Visitor: 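Below you'll find the structure I mean.
All figures in this text were calculated on a predicted structure; none of them were measured in a lab.
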Amino acid sequence: MTTTVLGGTLCRPGPPTRGWVAWEDGVLVDVQDGTPPPGSHDLGGGVLAPAYLDLQLNGSDDVDLATADAAGWSVLGQRLAQHGVAAYLATFVSAPLDAYDAPLRRLAAAQRSRDPGRAYPLGAHLEGPFLGDAPGAHPVALLRPADLVWLEQLLDAHPGLVRMVTLAPEADPELRAVSWLSAHEVLVALGHSAATADEARAAADAGARVVTHLFNGMGPLHHRAPGLAGVALDDERLTPTVIGDLVHVDPTVVRIVFAASPVALVSDAVATTPSERGHDAVRRPDGRLAGATALLDRAVENLVGIGVPIERVVAAASTRPADLLGARDRGRLEAGRRADLVLLDPATGALRGALVGGETAR
């Protein structure tokens with residue numbers, strides 16, 4: 001077996017320190033502090049960090065994961081890897097209940113292909129249709145109360161494929177779906193909801209662990225009525241996700257959030273038309289935000305650019321998402337983890353290069 005050794009500045013995460021990594025057959029076999037051994041490749045001052053994991057990705061450019069064919073999944077996997085994303089959850093938004101089977105089957109086929117050097121879809125994130133009183137861009141006509149029978153049938157038909165579900169407490173008032181999903185190792189997120197603080201805490205009691213795109217699709221944070229947003233920042237059981245395009249959330253608020261709570265960074269990227277490309281976000285004709293265009297590499301650069309320490313940003317883009325999913329082979333630079341790596345500019349967080357499974361993203 002060939003051992004490849006890289007020396008430089010490591011963000012495992014944690015404050016960047018001098019060190020080196022070695023891998024064989026796409027897996028890290030050694031990670032050490034200090035001076036790299038002779039014969040190692042020098043990174044030239046860049047920061048080496050674990051590659052990114054996106055919990056909320058609907059598509060990018062002309063690829064919409066709800067309708068993509070095999071070629072589209074492959075193209076997107078290549079594109080994501082080139083942007084430092086080694087793994088992701090394919091996110092399917094609110095639709096009729098009979099519309100989820102086909103994209104889930106195509107997702108399973110994409111998992112089986114496992115193209116080397118390309119981002120891997122770890123599973124599905126269902127963002128709806130069990131949403132509440134803050135629908136955002138989700139068509140209200142498609143929203144409905146949580147249907148536990150349907151969820152049981154869907155998970156039986158696609159075992160292990162649904163990894164995350166965003167729902168609103170008001171769509172599941174008895175929290176039966178939250179409890180059942182959590183018991184079946186599906187990560188439950190609260191979102192598109194006008195839940196009160198008490199309702200949000202009750203959902204956390206039932207097993208919810210994430211709040212989807214903090215501040216977007218929920219009631220406002222008020223000093224006498226903190227609501228879902230306030231509980232997301234206060235309850236240690238809940239991890240808020242944040243869209244890092246600096247359009248969905250103002251930079252000042254992003255800094256406050258990162259100072260207050262562990263965070264998972266998401267892109268919420270969507271497929272776009274040619275006229276929408278070049279903009280930081282996609283909007284409906286009435287001006288409502290409908291998703292982002294920036295992938296996680298741009299989000300990381302954005303947040304480092306507004307003063308969030310690079311180690312916190314790396315943790316939000318890789319470590320925290322991996323921990324939430326229980327992905328023990330990702331999210332950290334340590335022996336036994338995949339050699340999914342990004343090389344970042346230490347001052348700006350800009351992506352200089354990426355490896356997926358020890359192979360150059362291509």
Visitor: Could you pull out all residues at least two apart from H41 that satisfy ring pair (Phe, Tyr, Trp, His ring centres under 6.0 Å)?
Guide: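 If we apply the ring pair (Phe, Tyr, Trp, His ring centres under 6.0 Å) test to H41, skipping adjacent residues, there are no hits.
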Visitor: Take M218 and L214, measure what side chain to side chain contact (heavy atoms under 4.5 Å, CB included) needs, and give me the verdict at the end.
Guide: CA-CA 8 Å; M218 65 189 63; L214 185 66; 4.1 Å; yes
Visitor: Looking only at heavy atoms, what is the nearest atom pair of A354 and G84, with distance?
Guide: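 It is CB-CA, 3.9 Å.
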Visitor: Can E301 and R298 be counted as an ion pair, charged N to O under 4.0 angstrom?
Guide: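 R298 and E301: not salt-bridged.
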Visitor: So if you build clusters from Ile, Leu, Val, Met, Phe, Trp, Tyr with side-chain heavy-atom gaps below 4.5 Å, do L324 and L89 land together?
Guide: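 Yes; tracing contacts between hydrophobic side chains, which count when under 4.5 Å, links both residues.
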Visitor: Is there a path from L55 to L80 through hydrophobic residues (I, L, V, M, F, W, Y) whose side chains come within less than 4.5 Å of each other?
Guide: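 Shared cluster, no.
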Visitor: Cluster question for you: counting only ILVMFWY and a side-chain heavy-atom cut-off of under 4.5 Å, with indirect links fine, are F92 and L190 together?
Guide: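 Same cluster.
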Visitor: Under 6.0 Å from the six-membered ring centre of Y120 and within 45° of its axis: does the NZ or CZ of R114 meet both?
Guide: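 Yes - R114 lies over the ring of Y120, closer than 6.0 Å to its centre and within 45° of its axis.
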Visitor: Looking at R106 and D69, is any side-chain nitrogen of the basic one under 4.0 Å from a carboxylate oxygen of the acidic one?
Guide: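 So D69 does not pair with R106 through a salt bridge.
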Visitor: Using atom types as modelled and distance alone, determine if a side-chain donor or acceptor of E276 lies under 3.5 Å from a backbone N or O of T273.
Guide: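 Judged by distance alone, yes, a pair lies under 3.5 Å.
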Visitor: Excluding sequence neighbours, so at least two apart, what forms ring pair (Phe, Tyr, Trp, His ring centres under 6.0 Å) with H158?
Guide: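 Ring pair (Phe, Tyr, Trp, His ring centres under 6.0 Å) check on H158 returns nothing, list empty.
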Visitor: List in chain and number order the residues that pass ring pair (Phe, Tyr, Trp, His ring centres under 6.0 Å) with Y88, two or more places apart in sequence or in another chain; answer none if no residue qualifies.
Guide: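 Once residues adjacent in sequence are excluded, Y88 has no partner under the ring pair (Phe, Tyr, Trp, His ring centres under 6.0 Å) criterion.
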Visitor: Will you find, in the side chains of N58 and D268, an N or O donor that is under 3.5 Å from an N or O acceptor?
Guide: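 Yes, D268 and N58 have a side-chain donor paired with an acceptor closer than 3.5 Å.
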Visitor: Where the side chain of S40 meets the backbone of P36, is there a donor-acceptor pair that is under 3.5 Å apart?
Guide: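 No; zero donor-acceptor contacts below 3.5 Å.
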Visitor: Would you mind writing out the side-chain donor-acceptor pairs for residues 205-212 within the sub-3.5 Å range, not counting sequence neighbours?
Guide:
unit_1: D205; atom_1: OD1; unit_2: R237; atom_2: NH1; d: 2.6
unit_1: D205; atom_1: OD1; unit_2: R237; atom_2: NH2; d: 3.2
unit_1: R209; atom_1: NH1; unit_2: A204; atom_2: O; d: 3.0
unit_1: T212; atom_1: OG1; unit_2: T166; atom_2: OG1; d: 2.7

Visitor: Can you see which heavy atom on L131 is nearest to which on A171, and at what distance?
Guide: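 The pair with the smallest heavy-atom distance is O-CB, 3.7 Å.
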Visitor: Is it true that D61 and R79 make a salt bridge, defined as a side-chain N closer than 4.0 Å to a carboxylate O?
Guide: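 Result for this pair is yes, salt bridge flagged.
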Visitor: Under the criterion side chain to side chain contact (heavy atoms under 4.5 Å, CB included), I'd like the reasoning laid out for L355 against T360: C-alpha separation, chi angles, the key distance, then a yes or no.
Guide: CA-CA 5 Å; L355 297 170; T360 302; 3.8 Å; yes
Visitor: Would you check, one step at a time, whether the test side chain to side chain contact (heavy atoms under 4.5 Å, CB included) holds for R277 with D62?
Guide: CA-CA 10 Å; R277 290 165 204 157; D62 58 348; 3.6 Å; yes
Visitor: Could you report the tightest heavy-atom contact between P121 and W73, atom names first, then the distance?
Guide: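 That closest heavy-atom pairing would be CB-CZ3, 4.2 Å.
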Visitor: Closest heavy-atom contact between L155 and V186?
Guide: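 That closest heavy-atom pairing would be CD2-CG2, 3.7 Å.
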Visitor: Can you tell me how far apart CD (E334) and CG (D30) are? Round to the nearest 0.5 Å.
Guide: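 Taking CD in E334 and CG in D30, the distance rounds to 12.0 Å.
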Visitor: Would L28 and R338 satisfy side chain to side chain contact (heavy atoms under 4.5 Å, CB included), going step by step from the backbone distance to the final call?
Guide: CA-CA 6 Å; L28 295 173; R338 287 177 51 88; over 6 Å; no
Visitor: Would you mind reporting whether V140 and L142 have side-chain heavy atoms less than 4.5 Å apart?
Guide: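 They are not in side-chain contact.
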Visitor: How would you list, by chain and number, every residue that makes a ring pair (Phe, Tyr, Trp, His ring centres under 6.0 Å) with W180, sequence neighbours excluded?
Guide: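 Expected list: H184.
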Visitor: Can a salt bridge be assigned to the pair R320 and D323 using a cut-off of 4.0 Å between side-chain N and carboxylate O?
Guide: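 Here R320 does not pair with D323 in a salt bridge, since their nearest N and O are not under 4.0 Å apart.
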Visitor: Please name the pair of heavy atoms, one in E311 and one in P13, separated by the smallest distance, quoted to 0.1 Å.
Guide: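 Where E311 meets P13 most closely, the heavy atoms are O-CB, 3.9 Å.
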Visitor: Do L104 and L107 have side chains that get closer than 4.5 Å, going by heavy atoms?
Guide: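 L104 vs L107: side chains touch.
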Visitor: Could you state the interatomic distance from CG (L65) to OG (S60), rounded to the nearest 0.5 Å?
Guide: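 So the CG of L65 and the OG of S60 are separated by 9.0 Å.
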Visitor: Rounded to the nearest 0.5 Å, what's the gap from CZ on R337 to CZ on R332? Could you check?
Guide: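 Answer rounded to 0.5 Å: 5.5 Å.
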Visitor: If we ignore angles and hydrogens, is there a donor and acceptor under 3.5 Å between the side chains of T91 and Q56?
Guide: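 Q56 and T91 do not have a side-chain donor-acceptor pair below 3.5 Å.
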Visitor: Any donor and acceptor pair, going by atom type alone, linking the side chain of D172 with main-chain N or O of A177 inside 3.5 Å?
Guide: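 Between the backbone of A177 and the side chain of D172 there is a qualifying donor-acceptor contact (under 3.5 Å).
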Visitor: Mind checking whether L154 and V188 sit in one hydrophobic cluster, side chains of I, L, V, M, F, W, Y counted as touching below 4.5 Å?
Guide: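 Yes, it is one cluster - the side chains of L154 and V188 are joined through contacts under 4.5 Å.
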Visitor: Would you say the side-chain atoms of E127 and H213 include a donor-acceptor pair closer than 3.5 Å?
Guide: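 Yes, because at least one side-chain N or O of E127 sits under 3.5 Å from a partner of the opposite role on H213.
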Visitor: To the nearest 0.5 angstrom, please state how far the CG atom of D340 sits from the OG atom of S318.
Guide: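 D340 atom CG to S318 atom OG measures 10.5 Å (nearest 0.5 Å).
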Visitor: Which pairs pass side-chain hydrogen bond (donor to acceptor under 3.5 Å, both in side chains) with one or both residues in residues 341-354, sequence neighbours excluded?
Guide: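 Counting only pairs at least two positions apart or across chains, the side-chain hydrogen bond (donor to acceptor under 3.5 Å, both in side chains) contacts touching residues 341-354 are D345-T348, D345-R352.
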Visitor: What about L161 and L167, same hydrophobic cluster or not, with Ile/Leu/Val/Met/Phe/Trp/Tyr joined at side-chain heavy-atom distances under 4.5 Å?
Guide: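 L161 clusters together with L167.
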Visitor: Quick one: pull up CD in E359 and CH2 in W23 and give me the separation to the nearest 0.5 Å.
Guide: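 One gets 10.5 Å once the value is rounded to the nearest 0.5 Å.
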Visitor: Test your reading of the model: is there a side-chain donor-acceptor pair from S74 to the backbone of A70, 3.5 Å cut-off?
Guide: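 Between the backbone of A70 and the side chain of S74 there is no qualifying donor-acceptor contact (under 3.5 Å).
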Visitor: Do S179 side-chain atoms and R176 backbone N/O form a donor-acceptor pair below 3.5 Å?
Guide: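 Not a single qualifying donor-acceptor pair exists.
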Visitor: What's the shortest heavy-atom distance between T319 and G331, and which atoms?
Guide: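 Heavy atoms of T319 and G331 come nearest at OG1-O, 2.7 Å.
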